[in-house]
Amino acid sequence: IQSDDDPIISRFQRYLRINTAHPNPQYREAADFILSEAESLSLESQTLEFVPGKHLVLLKWPGSEPSLSSVLLNSHTDVVPAEHDKWAHPPFSANLDSNGDVYARGSQDMKCVGIQYLEAIRRLKASGFKPKRSVYLSFVPDEEIGGHDGAEKLAESDVFKGLNVGIVLDEGLASPTETYRAFYAERCPMWLVIKATGAPGHGAKLYDNTAMENLLKSIESVRRFRAAQFDLVKAGLKAEGEVISVNMVFLKAGTPTPTGFVMNMQPSEAEAGFDIRVPPIADQESLQKRIAEEWAPTSRNMTFRHGQFKQKVSVLDKSGKPILTATDSSNPWWALLEDAVKKANGKLGKPEIFPASTDARYFRNLGLPAIGFSPMANTPILLHDHNEFLNKDEYLKGIEIYESIIKAYASYVDHGKIAGSRDEL
Ligand SMILES: CSCC[C@H](NC=O)C(=O)O
Ligand SMILES: [Zn+2]
Ligand SMILES: [Zn+2]
């Protein structure tokens with residue numbers, strides 16, 4: 001395993017080498033690492049365990065004007081599992097190859113961001129910068145499994161109320177081009193299981209209404225819908241986050257034996273599971289109707305149930321309006337971000353809807369503006385994929401981008417509001 005002489009890169013590697021993959025993330029080790037970094041930066045720190053064993057580290061860089069709302073830089077410490085034998089380099093080795101690519105699970109999603117925040121603060125402190133607004137950093141567990149014991153608990157807590165947060169930054173996605181991406185909303189996860197029942201019978205007999213036939217008709221219908229949505233993206237008419245995605249993630253049917261399945265019996269039940277993602281602006285009712293009438297109609301002996309996510313984690317507010325972070329002049333943080341990225345010689349693309357889910361939804365649900373942003377340009381999108389990597393030069397560039405953003409955010413004073421007149425931005 002190659003390491004780098006640059007202490008900035010070796011700190012990144014140390015964080016990546018802590019195995020925080022589900023189902024047994026080493027949260028204590030990750031918390032200890034973050035706390036030791038925080039100490040070296042003289043940041044205030046506290047470790048919260050809303051659920052025992054699921055450490056959440058909260059750091060503070062106090063601002064000089066405590067009456068101003070604070071800036072929260074959020075990142076999750078957990079990562080998704082990796083199939084070790086399918087990687088070119090072990091996923092927790094943080095191997096640095098001759099191109100300068102650092103290979104590790106979490107190198108993009110999103111340990112890079114968590115530690116880039118810290119490195120940016122290190123540089124700002126060294127330059128003598130003093131924040132007006134307090135800057136908080138939250139390192140939260142369990143994002144990859146829904147965030148219920150992490151960001152959700154934090155957002156609901158009294159501790160959080162005490163932070164007086166005004167703006168949240170959370171994760172975005174890598175960009176294969178030179179343009180960084182930023183996200184103002186995200187799709188709503190909906191996990192759906194459809195189940196068909198039918199008459200069992202001999203494997204040699206042709207008859208109507210078998211469970212398998214009933215399920216296959218539904219799968220065909222789902223597949224047509226999926227293709228139509230995907231075509232909109234392929235034709236460039238819609239962005240990835242603006243269509244409903246439906247992907248089949250499991251099939252369950254048959255009569256098992258110790259070595260396989262009974263081959264000459266047609267089963268009486270068959271199930272399929274789908275990961276569906278619904279844009280906040282989509283017509284949720286017509287989707288529900290489609291599920292009930294086309295994908296799981298009682299006329300075909302079908303039922304459906306929702307998995308962990310139906311509408312509990314909604315992207316709609318209480319009145320049913322989509323929860324979006326404004327990207328116009330009503331939200332000064334957006335313009336500040338654009339400007340700060342530009343100042344650090346980066347380019348920012350048009351605001352997008354995040355195609356999957358992030359912890360940002362828990363903060364947006366409170367009515368706070370939250371922007372999804374991970375500064376990785378010229379980088380293939382490899383989150384949750386094999387051989388996830390980030391180039392060290394992109395990583396270093398990202399630190400400068402955050403330096404610029406944190407400086408702008410922590411210095412921002414809304415003179416317009418103080419004077420009772422319009423915002424000057
Ligand atoms: C829906 S809760 C799980 C959150 C997860 N987040 C990132 O991949 C996702 O599947 O989008
Ligand atoms: Zn993530
Ligand atoms: Zn993820």
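Both ligands and their constituent atoms are indexed starting at 1 by order of listing.
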Check ligand 1 against Gly146 and write out every atom of the ligand that is under 4.0 Å from a heavy-atom position of the residue. 2 (S), 3 (C)
Working for side-chain contact (heavy atoms from CB on, under 4.5 Å), residues Val165 and Leu368: CA-CA 8 Å; Val165 172; Leu368 290 172; 4.0 Å; yes
Pair Glu49 + Lys54: basic N to acidic O under 4.0 Å: no
By the salt bridge (Lys or Arg N to Asp or Glu O under 4.0 Å) test, which pairs, at least two apart or in different chains, include something from residues 155-164? Asp158-Lys161
Would you mind finding which of Gly147, Ser357, Ala356 brings a heavy atom closest to atom 7 (C) of ligand 1? Ser357
Return the set of residues passing side-chain contact (heavy atoms from CB on, under 4.5 Å) with Val249 (not counting sequence neighbours), or none when no residue passes. Asp275
Numbered atoms and elements of ligand 1 in range of Glu143, under 4.0 angstrom, heavy atoms: 4 (C), 6 (N), 7 (C)
Looking at Glu178 and Lys347, does any basic side-chain N land under 4.0 Å from a carboxylate oxygen? yes
Enumerated ligand 1 atoms positioned under 4.0 Å from heavy atoms of Pro189: 1 (C)
Would you mind running through ligand 1 and noting each atom that sits below 4.0 Å from a heavy atom of Glu144? 3 (C), 6 (N), 7 (C), 8 (O)
Mode of His384 contact toward ligand 1 - side chain, backbone, both, neither (heavy atoms, under 4.0 Å): side chain
Give a yes or no on whether a salt bridge exists between Glu400 and Lys397, defined as a side-chain N under 4.0 angstrom from a carboxylate O. no
Ion pair check, Glu119 and Arg122, cut-off under 4.0 Å: yes
Could you tell me whether some N/O pair between Asp109 and ligand 1 is separated by less than 3.5 angstrom? no
Sequence-distant partners of Asp359, salt bridge (Lys or Arg N to Asp or Glu O under 4.0 Å), two or more places apart: none
Going by distance only, is there an N or O of Trp191 that falls short of 3.5 Å from an N or O of ligand 1? no
Do the charged groups of Asp32 and Arg28 touch, with an N to O distance under 4.0 Å? no
Parallel, tilted or perpendicular for Phe373 and Tyr180, by the 30°/60° rule? perpendicular
I'd like the name of whichever of Glu186, Arg277, Arg187, Met110 reaches closest to atom 9 (C) of ligand 1 through any heavy atom. Arg277
At less than 2.8 Å, how many protein N/O/S atoms surround the Zn ion (ligand 2)? Leave waters out. 4
